[in-house]
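Data first, discussion second: the structure below is written as structure tokens.
Keep in mind that the numbers below use all heavy atoms, side chains included, and drop hydrogens, waters and symmetry copies.
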Amino acid sequence: MADTVTAQAVFDALLADDMTHIVGVPDNGTAEIFALAAAHEDVRLLTVTREGEALAVASGLWIGGKEPVVVIQNTGLLESGDSLRGTAFRMGAPLLLLVSVRGYAKMVSSDHQINIDRAAGQVAQTMKRAEIDSVALLTEPTLRAWNVPCVSCRIDADVSQIAATWAHARLAGHPAAILLPYTLQ
């Protein structure tokens with residue numbers, strides 16, 4: 001069964017948790033979330049040019065008493081590590097990161113072989129495989145290395161984890177992430 005999480009379910013969960021802003025770099029996978037934010041009278045949409053900029057802008061909004069959500073793709077997440085470390089973590093900004101995981105579908109379809117490769121210590125070899133988008137393979141381990149808790153939302157029922165994940169970020173005083181399939185319905 002294909003993953004089916006809808007942008008509307010994610011957006012509704014964010015609204016229920018007092019989101020004030022969507023900050024991010026639009027991409028095809030999360031375009032519907034950006035469209036919902038643009039059309040909503042109580043949510044401010046701020047698009048930026050780089051993911052590190054999204055983290056800095058969202059951290060500033062948080063200091064100003066707002067509740068921003070950062071929406072980025074996993075490739076940009078990896079690019080934005082210094083902003084995550086030097087701005088969001090240093091400031092203690094409890095940002096919620098919605099991360100669309102490019103390459104996830106291909107990774108899942110090859111999951112059995114990837115697990116065998118991981119067990120055999122062959123991650124570097126797995127990253128060379130043409131049918132795998134290595135950014136999907138690196139997303140969760142990178143978040144763990146950065147001490148960013150993350151959960152996956154693969155179906156609409158999973159969006160119930162958004163509130164708990166954001167509550168954890170607020171309690172811990174640092175970002176937490178929700179991983180989404182690359183393309184939302």
Side-chain angles (χ1 to χ4, degrees), residues 3-27 29-48 51-74 76-78 80-81 83-101 104 139-182 184-185:
D3 291 338
T4 56
V5 62
T6 62
Q8 188 66 60
V10 171
F11 194 77
D12 290 346
L14 296 171
L15 285 174
D17 213 2
D18 300 323
M19 168 193 57
T20 60
H21 292 73
I22 292 281
V23 183
V25 179
D27 67 48
T30 55
E32 187 60 26
I33 288 178
F34 284 89
L36 290 166
H40 198 280
E41 64 186 36
D42 295 328
V43 175
R44 180 99 190 261
L45 173 62
L46 299 173
T47 58
V48 295
E51 290 78 1
E53 182 184 8
L55 290 163
V57 168
S59 295
L61 287 166
W62 171 74
I63 282 183
K66 303 301 181 186
E67 295 288 345
V69 172
V70 176
V71 180
I72 57 177
Q73 188 183 104
N74 54 347
L77 172 73
L78 297 181
S80 66
S83 186
L84 183 64
R85 175 205 58 81
T87 303
F89 267 95
R90 185 149 304 186
M91 291 170 62
L95 302 177
L96 183 65
L97 313 177
L98 293 185
V99 181
S100 64
V101 182
Y104 172 77
T139 301
E140 288 186 59
T142 300
L143 287 168
R144 281 193 301 275
W146 288 340
N147 196 36
V148 176
C150 64
V151 297
S152 293
C153 285
R154 297 180 181 164
I155 59 174
D156 278 350
D158 293 343
V159 301
S160 64
Q161 299 177 91
I162 290 174
T165 302
W166 208 350
H168 176 80
R170 289 170 175 139
L171 184 64
H174 63 74
I178 300 291
L179 304 179
L180 300 169
Y182 177 63
L184 298 177
Q185 303 296 317

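- Leu179 places none of its side-chain heavy atoms less than 4.5 Å from the side chain of Asn74.
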Open item on the list: Evaluate Leu95 against Ser59 for side-chain contact (heavy atoms from CB on, under 4.5 Å), listing each step before the verdict.
Closed with: CA-CA 7 Å; Leu95 302 177; Ser59 295; 3.6 Å; yes
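- Trp166 places a side-chain N or O within 3.5 Å of a backbone atom of Pro94 that can act as its donor or acceptor partner.
- The minimum heavy-atom distance between Phe34 and Leu45, with the atom names listed, is CD2-CD1, 3.4 Å.
- Trp146 approaches Phe89 most closely through the heavy-atom pair O-CZ, 3.4 Å.
- Within the 4.5 Å cutoff, the side chain of Ile72 has no heavy atoms near those of the Leu98 side chain.
- Taken from CG in Leu97 to CG in Leu180, the straight-line distance is 11.0 Å, to the nearest 0.5 Å.
- Distance alone, capped at 3.5 Å, places no donor-acceptor pair between the Thr87 side chain and the Leu84 backbone.
- Side-chain contact between His174 and Pro149 is present, with at least one heavy-atom pair separated by less than 4.5 Å.
- Side-chain contact between Val69 and Asp17 is absent, with no heavy atoms from C-beta onward closer than 4.5 Å.
- Separation of atoms OG1 (Thr30) and CG (Leu36) is listed at 11.0 Å; rounding is to 0.5 Å.
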Open item on the list: With side-chain contact (heavy atoms from CB on, under 4.5 Å) as the criterion, how do Asp158 and Val5 come out once you've worked through the C-alpha distance, each side chain's angles and the decisive distance to 0.1 Å?
Closed with: CA-CA 8 Å; Asp158 293 343; Val5 62; over 6 Å; no
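- Contact detail for Gly52 and Ser80: the closest heavy-atom pair is N-CB, 3.5 Å.
- Note that OG1 of Thr6 and CD1 of Ile33 are 9.0 Å apart. Values are rounded to the nearest 0.5 Å.
- Separating the CG atom in Leu78 from the OG1 atom in Thr139 is a distance of 5.5 Å, to the nearest 0.5 Å.
- When every heavy atom of Ser100 is checked against every heavy atom of Pro181, the shortest pair comes out as CB-O, 4.2 Å.
- Counting non-hydrogen atoms of other residues, nucleotides and ligands closer than 6.0 Å to CZ of Arg170 gives a total above 12.
- Looking at every heavy atom in both residues, Val99 comes nearest to Gln73 through CG1-C, 4.1 Å.
- A distance of 4.5 Å separates CG in Leu61 from NE2 in His21, rounded to the nearest 0.5 Å.
- In plain terms, the two heavy atoms of Pro68 and Val23 that are nearest each other are CB-CG2, 4.3 Å.
- A search for side chain to side chain donor-acceptor pair (under 3.5 Å) contacts involving Asp12 returns Gln8, not counting sequence neighbours.
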TODO: Using the side-chain contact (heavy atoms from CB on, under 4.5 Å) rule, take Cys150 and Glu140 through it: C-alpha gap first, then chi angles, then the decisive distance, then the call.
DONE: CA-CA 8 Å; Cys150 64; Glu140 288 186 59; 4.2 Å; yes
Task: Trace of the side-chain contact (heavy atoms from CB on, under 4.5 Å) decision for Asp27 with Val25 - done: CA-CA 6 Å; Asp27 67 48; Val25 179; over 6 Å; no
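- Atom CD of residue Glu67 and atom CG of residue Asp18 lie 6.5 Å apart, to the nearest 0.5 angstrom.
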